[in-house]
Amino acid sequence: MSEPVVIPAGAGEVVGDSPDRRVEILSDHESLHATWSRFAAGRDGADLHVHRRHTDLFYVLEGELTVRLGVEDEAVAAPAGTLVRVPPLVVHGFRNGSDEEVRYLNLHAPGRGFADFMRALRDGRSLVYDQEPPPAEDVRPASDAAVGGAERVGERAALLADVDEIAIAEVSGERGDAAPQRHLHRRHTESFYVLEGEMTFAVGDREVRAQAGAWVQAPPGVPHTFSFTAPVRFLTLHTPGSGFGAFLRDPATAEFDEEPVA
């Protein structure tokens, strides 16, 4: 059983730090590699490329990220609160095309070595990774990417992604709301990113207070739950998805990888 991960805001593993760019690794679990990034106005990101064996996602925290899609290199603006999901073999790149700083999460599901690729770039090493220039044929259309389009589920949740590789919801809570029963997942990892406010996690044998910008991760087999100490808004990420979308829509009938823990 892997150990839980708790990373306060700004305390991720730094793989790039300069006045116009900072990148921190938040997760390198095999099911999900995740980074937090800050790009200055006008900063270029990745040129057009494809992944063959994993999905690439961006969640914009502040500012506006410009996502480049398709062989036509169409520029799509993704403002704060937007999730962009790019399936395998969809040509894409990104940059900060705005005149303000942008901050975002970059998620790779499954990881396929992305975190080590970023470490290699930091250290000046070369590393083979599931990324290549756009091939001459057999790419998927840009329309297969999803930009925004959240599905409201009840009053306090929005389902942002629901595919085999990953399911993501944005959830809000209020102080005093009932905490979910302590539970674990056998076949998938659950991760959390606190967007606003503060919440308390019991994960494994640890209890931690997590403020905005914190990352908490419970790998398979790690018992966990959470409670709200103030109004809060957070992301919950399940990798692989394991039926979380169906569970969110109808917990009474969904088949979902979750077991209560006494």
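Only this structure's heavy atoms are used, side chains among them; waters, hydrogens and symmetry mates stay out. The first residue of the sequence shown is numbered 1, and numbering continues consecutively from there. Worth saying up front: this structure is predicted, and the values here are computed from it rather than measured.
- Once rounded to the nearest 0.5 Å, the distance linking CD of E101 with CG of D20 reads 10.0 Å.
- Within 6.0 Å of CD on E100 lie no more than 12 heavy atoms contributed by other residues, nucleotides or ligands.
- At a threshold of 4.5 Å between side-chain heavy atoms, the hydrophobic network of Ile, Leu, Val, Met, Phe, Trp and Tyr places V90 and V163 in two separate groups.
- Checked by atom type and distance alone, the side chain of H49 pairs as donor or acceptor with a backbone atom of H92 at under 3.5 Å.
- Considering only residues two or more places apart in sequence or on other chains, F58 meets the ring pair (Phe, Tyr, Trp, His ring centres under 6.0 Å) condition with F94.
- Between the side chains of H29 and S31, at least one donor-acceptor pair of N or O atoms lies under 3.5 Å.
- The CG atom of L107 lies 11.0 Å from the OH atom of Y59; values are rounded to the nearest 0.5 Å.
- For residues 108-121, the pairs satisfying salt bridge (Lys or Arg N to Asp or Glu O under 4.0 Å) are E13-R119, D28-R119, D116-R119, with sequence neighbours left out.
- Nearest heavy atom pair, residue V216 against residue A210, reads CG2-CB, 4.4 Å.
- Applying the side chain to side chain donor-acceptor pair (under 3.5 Å) test to D162 and every residue at least two apart in sequence or in another chain returns R249.
- Atom CH2 in W215 sits 9.5 Å away from atom OG1 in T35 (nearest 0.5 Å).
- Residues satisfying the side chain to side chain donor-acceptor pair (under 3.5 Å) criterion with S98, sequence neighbours excluded, are N96.
- A continuous path of Ile, Leu, Val, Met, Phe, Trp and Tyr side chains, each step under 4.5 Å between heavy atoms, connects V71 with V50, placing both in one hydrophobic cluster.
- When every heavy atom of V60 is checked against every heavy atom of A78, the shortest pair comes out as CG2-O, 3.4 Å.
- Within a 6.0 Å radius of CD in E30, no more than 12 heavy atoms belonging to other residues, nucleotides or ligands are found.
- Applying the salt bridge (Lys or Arg N to Asp or Glu O under 4.0 Å) test to residues at least two apart or on different chains, the pairs with a partner in residues 74-99 are D44-R95.
- The shortest side-chain heavy-atom distance between V194 and Q211 does not fall under the 4.5 Å cut-off.
- Within a 6.0 Å radius of CZ in R209, no more than 12 heavy atoms belonging to other residues, nucleotides or ligands are found.
- A donor and an acceptor atom, one from each side chain of T200 and E207, are nowhere located under 3.5 Å apart.
- Counting non-hydrogen atoms of other residues, nucleotides and ligands closer than 6.0 Å to CZ of R156 gives a total above 12.
- When atom types are taken as modelled, the side chain of T225 and the backbone of P180 share a donor-acceptor pair closer than 3.5 angstrom.
- H54 and D56 share no side-chain donor-acceptor pair at under 3.5 Å.
- Residues meeting the side chain to side chain donor-acceptor pair (under 3.5 Å) test with E64, sequence neighbours left out: none.
- Under a 3.5 Å cut-off, the side chain of S27 and the backbone N or O of L32 do form a donor-acceptor pair.
- Using a 4.5 Å heavy-atom threshold, the side chains of S172 and V232 count as separate.
- Residue G148 comes nearest to T82 through the heavy atom pair N-CG2, 3.7 Å, listed as atom of the first residue, atom of the second, then distance.
- Looking only at distances, no side-chain donor or acceptor of D144 sits under 3.5 Å from a matching main-chain atom of V86.
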Item to check | Verdict with supporting geometry, L121 and V15, side-chain contact (heavy atoms from CB on, under 4.5 Å) | outcome: CA-CA 8 Å; L121 289 178; V15 289; over 6 Å; no
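- Side-chain contact between E258 and F244 is absent, with no heavy atoms from C-beta onward closer than 4.5 Å.
- Looking at heavy atoms from C-beta onward, V67 lies out of side-chain contact with V147 at the 4.5 angstrom threshold.
- For the pair R38 (side chain) and D17 (backbone), a donor-acceptor distance under 3.5 Å is absent.
- In this structure the side chain of L48 reaches within 4.5 angstrom of the side chain of D73, judged on heavy atoms.
- Here the OH atom belonging to Y193 is positioned 10.5 Å from the CZ atom belonging to R233, to the nearest 0.5 angstrom.
- For the atom pair NE2 of H33 and NE2 of H108, the computed distance is 9.5 Å after rounding to the nearest 0.5 Å.
- Looking at every heavy atom in both residues, G204 comes nearest to V222 through N-CG1, 3.5 Å.
- Using a 4.5 Å cut-off on side-chain heavy atoms (C-beta onward), P88 and T55 make contact.
- Nearest heavy-atom pair, V14 versus R122, reported as atom, atom and distance to 0.1 Å: O-NH1, 3.2 Å.
- The structure places NE2 of H185 at 10.0 Å from OG1 of T239, a figure rounded to the nearest 0.5 Å.
- Side-chain contact between L105 and L26: present, with at least one pair of heavy atoms (C-beta onward) separated by less than 4.5 Å.
- With contacts defined as side-chain heavy-atom distances shorter than 4.5 Å, the pair H51/Y129 qualifies.
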Next on the checklist: Test side-chain contact (heavy atoms from CB on, under 4.5 Å) on R103 and W36; report intermediate values, then the result.
Outcome noted: CA-CA 7 Å; R103 301 183 180 207; W36 175 98; 3.7 Å; yes
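- D257 has no carboxylate O lying under 4.0 Å from a charged side-chain N of R186, or vice versa, which leaves the two without a salt bridge.
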Checklist entry - Going through the distances and angles, do F234 and F226 end up as a ring-ring contact (aromatic ring centres under 6.0 Å, His included)? => result CA-CA 11 Å; F234 63 97; F226 54 83; 5.4 Å; yes
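- For A150 against L160, the heavy-atom pair with the smallest separation is CB-CD2, 3.5 Å.
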